[in-house]
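Below: one structure, written as structure tokens.
Keep in mind that this is a model prediction, so the values were computed, not measured. In what follows, chains carry the letters A, B, and so on, assigned in the order in which the sequence lines appear, proteins first and then strands, with residues in each chain numbered from 1.
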Amino acid sequence: MSLSTRYTPQEIESKWYQHWLERRYFHSEPDDREPFTVVIPPPNVTGVLHMGHMLNNTIQDILIRKARLDGKNACWVPGTDHASIATEAKVVQQLRAQGIRKTDIGREAFLQHAFEWKDKYGGIILDQLKRLGASCDWERTRFTMEDSLSEAVIRVFVDLYGKGRIYRDWRITNWDPEAKTVLSNEEVIYSEENAQLFHLRYPLEGDPSQGIVIATQRPETIMADVAVAVHPDDERFQHLIGKNVLIPLIDRAIPIIADTYVDREFGTGALKITPAHDQNDYEIGQRFNLPVIDILTEDGKLNEKAQILIGEDRFVARKKIRKLLEESGHLIKLEDYRTKIGRSERTNSVVEPRLTLQWFVDMKKFAHSALEAVRSGEVKFYPEHFWNMYNSWLNEDNVRDWCISRQLWWGQRIPAWYLATERMGEEKHIFVADTAEEALAQAREKTGNAELSIADLRQEEDVVDTWFSSWLWPISVFDGFKTQEELKYYYPTSVLVTGWDIMFFWVARMIMSGYEWAPELIPDVVKEKGAMPFRGVYFTGMVRDNLRRKMSKSLGNSPDALALLDNYGADGVRFGMLSSAAAGNDIIFDAPIGKDGVLNESKLCEQGRNFCNKMWNALRLIKSWELSEKALDAETAQVNQLAATWLEHKLNQTLAQVEVMFTEYRLSEALMTLYKFIWDDFCAWYLEMIKPAYEAPIDRQTLQQSIALFERMMTLLHPFMPFVTEEIWHQLRERAAGDDCVISKYPKAAAFDAVFIEKIERAKGLVTGVREIRNNNGLKQKELLKVFAQDTPSSRELLAMDGLLPMVVKMASLEFLQITSAEISNGVAFLVGNEKFYVELEQAIDVEEERKRLQKELEYYQGFVKSVQHKLSNEKFVSSAPAEVVNKEKQKLADGEMKMKNLAEELGKLG
RNA sequence: GGGUAAUUAGCUCAGUUGGUUUAGAGCGCUGCUUUGACAGAGCAGAGGUCACAGGUUCGAGUCCUGUAUUACCCA
């Protein structure tokens with residue numbers, strides 16, 4: 001069968017992925033091997049594959065595949081996150097298109113729609129991961145809202161409530177008026193926007209000739225004001241403190257108070273206090289025992305307490321009130337300025353600070369254990385510097401309680417019940433339990449009323465934050481809260497791979513939950529291995545476009561992941577993603593931006609595709625050789641033997657380097673090392689060394705050696721580029737069923753001879769030297785050259801090595817290579833190390849060109865020698881530097897001087 | 001305002017505890033090569049003094065201080 005000159009990924013990739021699945025290579029069951037466990041950062045069910053997913057799943061796959069080849073029990077658990085706000089928004093939107101409002105159909109029916117939506121679209125992103133080659137154990141696919149995981153959430157909630165670490169309270173929270181739910185601090189994105197500062201005059205009660213001018217960005221909230229605050233030391237306002245002013249337009253009297261919170265420099269130095277609509281104002285209000293007047297509805301419109309502009313949206317109201325204030329003469333000045341505005345991560349609507357009754361997790365104890373875990377090194381961060389960010393977020397001064405309730409339906413409903421007779425928001429009795437029946441039992445006991453029935457209870461309407469289910473992920477995917485069998489084997493997981501942007505949302509909280517529940521669930525394992533959910537966290541960078549902007553849907557600057565996979569193949573894209581991706585550093589993805597947006601192109605992915613093609617053609621070359629059983633002539637046999645021995649040593653050297661890189665998660669470096677080994681050492685040198693003459697056959701031993709080496713390289717590269725390596729693995733020889741690259745044995749690094757490798761490097765330098773002279777003198781490839789080596793002990797030793805001399809003759813297309821002490825009359829000289837070689841030319845030498853070349857080289861060494869001499873003439877250096885270093889410098893000097901001497905000699909000969 | 005990181009060749013990045021020839025890779029660029037694995041290729045070459053200013057040291061791309069620029073995090 002003849003192979004196409006190009007590697008064609010399409011059918012090959014789907015063929016092998018199917019094959020791997022059929023043989024269940026990705027499936028893991030506990031056994032007596034060492035486990036290597038990774039839980040996927042569950043993508044949102046609403047998600048489609050983007051560049052960030054491709055990056056971090058490629059990295060996970062590399063680690064998992066490497067572990068599998070190392071003989072470990074590799075288990076990569078996939079799954080999706082129910083993403084309450086995003087998914088609920090999608091379903092609401094879909095229903096709206098059908099003319100259905102969620103409030104009309106009620107909770108049960110809505111959830112049914114939502115589950116239908118999830119069943120239909122929720123698996124898309126996982127299928128896309130398969131195209132990338134992700135070797136997840138798909139039989140273990142989990143979902144954060146499936147029964148078992150929801151039960152874990154309820155159990156944990158009840159447990160924490162029982163421990164007194166969950167509470168319900170009124171707080172100023174971040175309100176999303178579009179989604180009509182509260183948001184956690186992490187779900188609010190702040191950015192600078194243009195705004196206006198309104199200077200408003202509040203007249204003094206009883207004496208309108210006097211007054212105070214405040215500055216506000218939100219004039220539509222003045223009706224909710226309860227005071228005006230000034231700095232206690234501000235001389236401008238001393239006489240006003242304690243008096244009342246009137247709110248413009250509605251003429252309600254409010255006091256002027258003094259508080260050091262006020263910044264005298266900002267605005268007019270006087271601040272209106274609006275506790276219901278500002279966090280800081282709320283705190284001041286608490287200190288002064290001021291009332292809270294909430295003038296906004298849940299969807300951001302003015303309510304009847306505003307007295308004016310009732311029913312208007314907050315932004316419309318701002319425009320209208322401006323006019324009213326102008327007309328009434330209260331607007332003194334309007335000033336443009338830049339300020340940070342918070343917007344909802346999900347809906348992009350401007351977040352409204354709002355006083356609401358919510359559920360919170362007390363973070364003090366959690367933060368402490370999460371900090372200790374990383375401080376002590378039980379959980380290691382790659383790169384380490386993320387500790388700083390982590391630490392500053394979690395330390396006592398900064399950590400804030402976690403608001404976990406959401407006013408949504410898509411999620412786990414909070415397992416708290418109230419007495420139906422108590423007014424909403426004013427409940428005095430709270431019963432938290434796994435089931436309504438248990439809550440009822442509590443209620444009967446606490447109220448002393450044995451007549452109560454379920455109908456007398458009302459369950460909390462809110463659901464918990466999505467992260468309140470995903471923080472249990474490393475335990476819950478193994479059903480660890482129910483049965484500890486699997487958890488005992490797989491916990492703690494090996495490494496977590498995720499973007500640093502969710503360090504607080506997710507990473508920190510998983511660490512907290514691990515230290516909280518693992519000791520209760522699997523005490524023996526924890527005693528032996530620790531309570532951490534993962535031993536290491538590999539933080540990936542953000543994928544950015546070539547203008548350094550984060551890739552996002554709204555900017556339209558992200559290439560289409562699937563189109564990239566089509567264009568370059570999964571292996572090509574994996575190569576491209578990884579080649580500029582050191583841990584923790586952002587990745588500038590090189591997709592060009594055209595007139596109509598970003599193109600689905602990438603030079604880096606192209607390089608990956610070309611690499612596949614290169615290996616493919618190396619395969620074609622080997623397969624094209626005809627096998628001959630005849631013995632080789634002695635010289636060729638020696639060349640082939642030398643080549644094989646050299647590549648073997650080089651492979652072991654490479655392997656040792658790659659092993660170290662893996663332990664340090666320097667994956668892109670490991671890939672580049674393998675790339676260079678395969679492309680340069682194997683293809684460009686080894687194959688050329690052993691290549692038979694045109695249409696000549698190859699001997700059995702060389703062919704088999706080559707196949708064996710190629711096969712090992714495929715295993716080495718497999719974690720990075722799984723498809724092409726599997727294909728070549730099978731093309732190299734007939735395989736029995738189950739003899740697949742994906743489960744082959746990763747070679748163990750064996751000893752290698754660095755001195756030997758170095759000698760071959762010198763021989764390669766000799767070949768390169770001849771090629772350069774060929775290039776400079778316009779000599780054809782086919783023209784066989786005569787090369788002479790200056791007679792020195794070391795060149796004798798080098799060329800005496802079995803097979804080396806004929807190898808050089810072959811690689812440099814020489815007629816011969818001889819050692820000589822005679823003068824070469826028409827020879828061009830070049831140096832390899834300190835050995836001098838001559839290429840004898842038939843034609844006249846271009847003396848000027850030669851002189852220039854030698855002169856240039858000489859100048860380099862002159863500069864070099866000078867700098868070394870400078871160092872060595874420094875007495876302090878000679879006396880304080882280690883002898884080893886000084887000797888090295890002396891060696892450098894001797895080498896350099898020798899080279900200068902040789903070069904000067906040759907220059908002299910040119911006359 | 002506080003913090004973290006980055007700043008090395010035209011571009012994208014390595015450079016692990018300061019000392020393996022006056023810094024490496026890939027892409028791009030230049031020249032040559034086109035019947036024999038691969039033009040998605042081969043061979044060779046040019047191109048940086050490591051943002052800037054100080055300092056520590058026998059010795060600094062690497063450590064310290066400051067400045068500038070960029071990105072992000074927190075307020």
Which one, [options], comes nearest to the side chain of [X]?
X	options	answer
Asn775(A)	G19(B), C32(B), U21(B)	C32(B)
Leu687(A)	G19(B), U21(B), A37(B)	A37(B)
Met672(A)	C38(B), A46(B), G26(B)	G26(B)
Glu772(A)	A25(B), A37(B), A44(B)	A44(B)
Ala881(A)	C38(B), C58(B), U4(B)	C58(B)
Ile588(A)	U20(B), A44(B), C13(B)	C13(B)
His385(A)	A5(B), A41(B), C58(B)	A5(B)
Trp500(A)	A46(B), C72(B), G19(B)	C72(B)
Arg771(A)	C43(B), G19(B), C27(B)	C43(B)
Arg666(A)	U16(B), G36(B), G40(B)	U16(B)

Could you work out the separation of [N] and [M] based on their [atom1] atoms and round it to a whole Å?
N	M	atom1	value
C32(B)	C58(B)	C1'	47 Å
C64(B)	U4(B)	P	12 Å
A23(B)	A39(B)	P	36 Å
A41(B)	G47(B)	P	25 Å
C74(B)	G55(B)	C1'	32 Å
U21(B)	G59(B)	C1'	15 Å
G15(B)	U49(B)	C1'	15 Å
A51(B)	A9(B)	P	8 Å

When you measure from the side-chain N and O atoms of [X] to the phosphate of [N], is any distance below 4.0 Å, counting only OP1 and OP2?
X	N	value
Asn610(A)	A41(B)	yes
Lys890(A)	U21(B)	no
Lys780(A)	C32(B)	no
Arg609(A)	C27(B)	no
Trp393(A)	A75(B)	no
Lys691(A)	A37(B)	yes
Thr768(A)	A44(B)	yes

* Taking the side chain from Asp590(A) and the backbone from Ser602(A), do they hold a donor-acceptor pair closer than 3.5 Å? ->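 Answer holds: no.
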
Could you tell me the Watson-Crick or G-U partner of [N], where both distances fall under 3.5 Å? Say none if there is no partner.
N	answer
U67(B)	A51(B)
A46(B)	none
A39(B)	none
U34(B)	none
G18(B)	none
C72(B)	G3(B)
U56(B)	none
A9(B)	none

* Candidates Trp506(A), Phe386(A), Tyr665(A) - the one meeting ring-ring contact (aromatic ring centres under 6.0 Å, His included) with Phe539(A) ->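 Of the listed options, the one satisfying the test is Phe386(A).
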
* Asked: Which one of Phe677(A), Tyr686(A), Phe756(A) satisfies the ring-ring contact (aromatic ring centres under 6.0 Å, His included) criterion with His649(A)?
  ->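 When ring-ring contact (aromatic ring centres under 6.0 Å, His included) is applied between His649(A) and each of Phe677(A), Tyr686(A), Phe756(A), only Phe756(A) qualifies.
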
* **side-chain hydrogen bond (donor to acceptor under 3.5 Å, both in side chains) between Gln279(A) and Glu283(A), worked out** => CA-CA 7 Å; Gln279(A) 171 73 43; Glu283(A) 282 163 21; 2.8 Å; yes

Just call it for [X]: base, sugar-phosphate, or nothing, with non-hydrogen atoms closer than 4.0 Å on any strand.
X	answer
Ala684(A)	sugar-phosphate
Lys614(A)	base
Gln781(A)	nothing
Arg853(A)	nothing
Arg544(A)	sugar-phosphate
Trp387(A)	nothing

Check [Y] with [X], please: is the shortest side-chain N to carboxylate O separation under 4.0 Å?
X	Y	value
Arg733(A)	Glu711(A)	yes
Lys780(A)	Glu783(A)	no
Glu859(A)	Lys856(A)	no

* Asked: Tell me: NZ of Lys603(A) to P of C29(B), nearest whole Å?
  ->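 Checked: the NZ to P distance equals 8 Å.
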
* Asked: Do the side chain of Glu688(A) and the base of A37(B) come within less than 3.5 angstrom through a donor-acceptor pair of N or O atoms?
  ->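 Looking at the base of A37(B), it does pair with a donor or acceptor on the side chain of Glu688(A) (distance under 3.5 Å).
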
* Nearest-nucleotide wise, let me know which of Cys683(A) and Gly896(A) is further upstream toward the 5' end of RNA chain B. =>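 Nearest nucleotide further toward 5': that of Gly896(A).
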
* Closest nucleotide of RNA chain B for Glu664(A) versus for Lys782(A): which of these residues is on the 5' side? ->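 The answer here is Glu664(A).
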
* Quick one: does Glu772(A)'s side chain get under 4.5 Å of Phe830(A)'s, heavy atoms only? ->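 Glu772(A) vs Phe830(A): side chains apart.
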
* Asked: Between Arg375(A) and Trp387(A), is NZ or CZ placed under 6.0 angstrom from the six-membered ring centre and within 45° of the ring axis?
  ->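 Relative to the ring axis of Trp387(A), which defines the angle, Arg375(A) lies outside at least one limit.
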
